Amino acid sequence: MASTAPSAPRVLDRAGFDALLDRLQAGGRQLIGPVRRDGAIGLDRIADTDDLPQGWGDRQGAGHYRIDRRDDDALFGYAAGPDSFKRFLHPPGRVLWRAERRPEGLSLAAVDAAEPAPAYAFLGVRACDLAAWSILDRVLRHSAFPDPHYATIRDATLVVAVQCTAPAETCFCASMGTGPAVDAGFDLALTELVEPGAHRFLVTAGSATGTAILATLDTRPADAGDLVAAETALEAARRAMVRRLDTDGLADRLKAQPEHPHWQSVAERCLACGNCTQVCPTCFCTTVTDHSDLTGARAERVQHWDSCFTDRFAELSGGQVRETIAARYRQWLTHKLATWVDQFGVSGCVGCGRCIAWCPTGIDLTDEAAAIREPAP
């Protein structure tokens, strides 16, 4: 996607939205968007509007997630759920190479070379996820050792972003400068406006591809009322965020307090389950495992997500370097909010709040960071 300056916004009515979904799937693209599944709003392949969570929202808190019926028919009236689009860009499990013993000899092939990367169109991308992609890009796309699989998918993906106007209690992107407004990194950006008797979308193109798609749709120029309604919804979202992360001087404070007693305090609650790293849209750590079948005729190497909370993540030849949960939690939080800045120039947190909602014991990153930055008693 080659970004361009955002176009003047236009208005797409509810019927026109169905036509947009058809355009997004042109050329065999797999359309990935929000679905209601297993008591949550996650991400999966969709075909039309009927697959979207129409009229559903969510309630989130520390260690709490529920979906509820809304009093309208909004298609995107929910906040970040357990899924993020990272799952499609940087899959949780991927075969790297496969070897087979054949009569003519040993065959060894890289799977990426044999299986073309899928062509995706992502629908419903939020500002926090776009911010997460910019972080993943630094690691997996533009670093000294890029991941070609990630780069190929990322370059080919068509992005339809949605302005976030229904933040959860766990969201704090406004304090991180990563949302709720989408301003770059998209092909098309939608602002859903649901009013009595009027369900419409403000649409902005952010690339040549987006401009071409928008030109095929039946739209009208946005008027002053449309623009005011969209800005009012975004401002209400900013004001609704009760959590914030104070990043001023935070990195230095965290690095300066490796023996703060609060590390042990939070470890007494932490289960080291890794939920926070699994739902985080910026965690990128992986490991590899080798498998063979019972006959010894076939073997493969699989890359899969790893977590700094697992026992073997910090295992070296001399043993564990982080044996306690306190040490593992310190590693995660300090890297995410402090040493990540040293490595990549930005914080590793985008304020999506997923780690707060999906922690079984309700550990709140914003509270823990605030406690650690205070001098030890």
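These numbers come from a predicted model, not from an experiment.
Looking only at distances, a side-chain donor or acceptor of Thr324 sits under 3.5 Å from a matching main-chain atom of Ala327. Counting only distance, with no hydrogens or angles, the side chain of Gln25 and the backbone of Leu21 share a donor-acceptor pair below 3.5 Å.
Side chain to side chain, Gln257 and His262 fail the donor-acceptor criterion of an N or O pair below 3.5 Å. Side chain to side chain, Arg244 and Ser175 fail the donor-acceptor criterion of an N or O pair below 3.5 Å. Between the side chains of Thr49 and Asp18, at least one donor N or O sits under 3.5 Å from an acceptor N or O. Side-chain contact of Lys336 with Thr282: a donor-acceptor pair under 3.5 Å is present, judged by distance alone.
Separation of atoms CZ (Arg141) and CH2 (Trp133) is listed at 10.5 Å; rounding is to 0.5 Å. Of the inter-residue distances, the one linking Leu337 atom CG with Cys349 atom SG reads 6.0 Å to the nearest 0.5 angstrom.
A salt bridge does not link Asp13 with Arg220: none of the charged nitrogens is closer than 4.0 Å to a carboxylate oxygen.
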Please assess Val160 against Val125 for the test side chain to side chain contact (heavy atoms under 4.5 Å, CB included), listing each intermediate value before the final yes or no. CA-CA 6 Å; Val160 181; Val125 183; over 6 Å; no

Given Val242 and Glu169, is the side chain to side chain contact (heavy atoms under 4.5 Å, CB included) satisfied, shown in steps? CA-CA 7 Å; Val242 296; Glu169 179 192 323; 4.0 Å; yes

The test is salt bridge (charged side-chain N to carboxylate O under 4.0 Å, His left out); show your working for Arg59 and Asp68 and say whether it passes. CA-CA 7 Å; Arg59 288 181 291 116; Asp68 287 321; 2.2 Å; yes

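Geometrically, Arg70 does not engage Phe76 in a cation-pi contact defined by less than 6.0 Å to the ring centre and at most 45° from the axis. A cation-pi arrangement is present between Arg69 and Trp56 under the rule of less than 6.0 angstrom and at most 45 degrees off the ring axis.
Screening Arg94, Arg138, Arg154 for a salt bridge (charged side-chain N to carboxylate O under 4.0 Å, His left out) with Asp147, the sole residue that qualifies is Arg94.
Below 30°, between 30° and 60°, or above 60°: for Trp340 and Phe284 the angle between ring planes is above 60°, a perpendicular geometry. Relative orientation of the His90 and Tyr150 rings is perpendicular, given thresholds of 30° and 60° on the angle between their planes.
Taking a 6.0 Å sphere around CD of Glu235, one finds it holds more than 12 heavy atoms contributed by other residues, nucleotides or ligands.
Two residues are said to be in side-chain contact when any heavy atoms from C-beta on lie closer than 4.5 Å; Arg238 and Pro167 fail this criterion.
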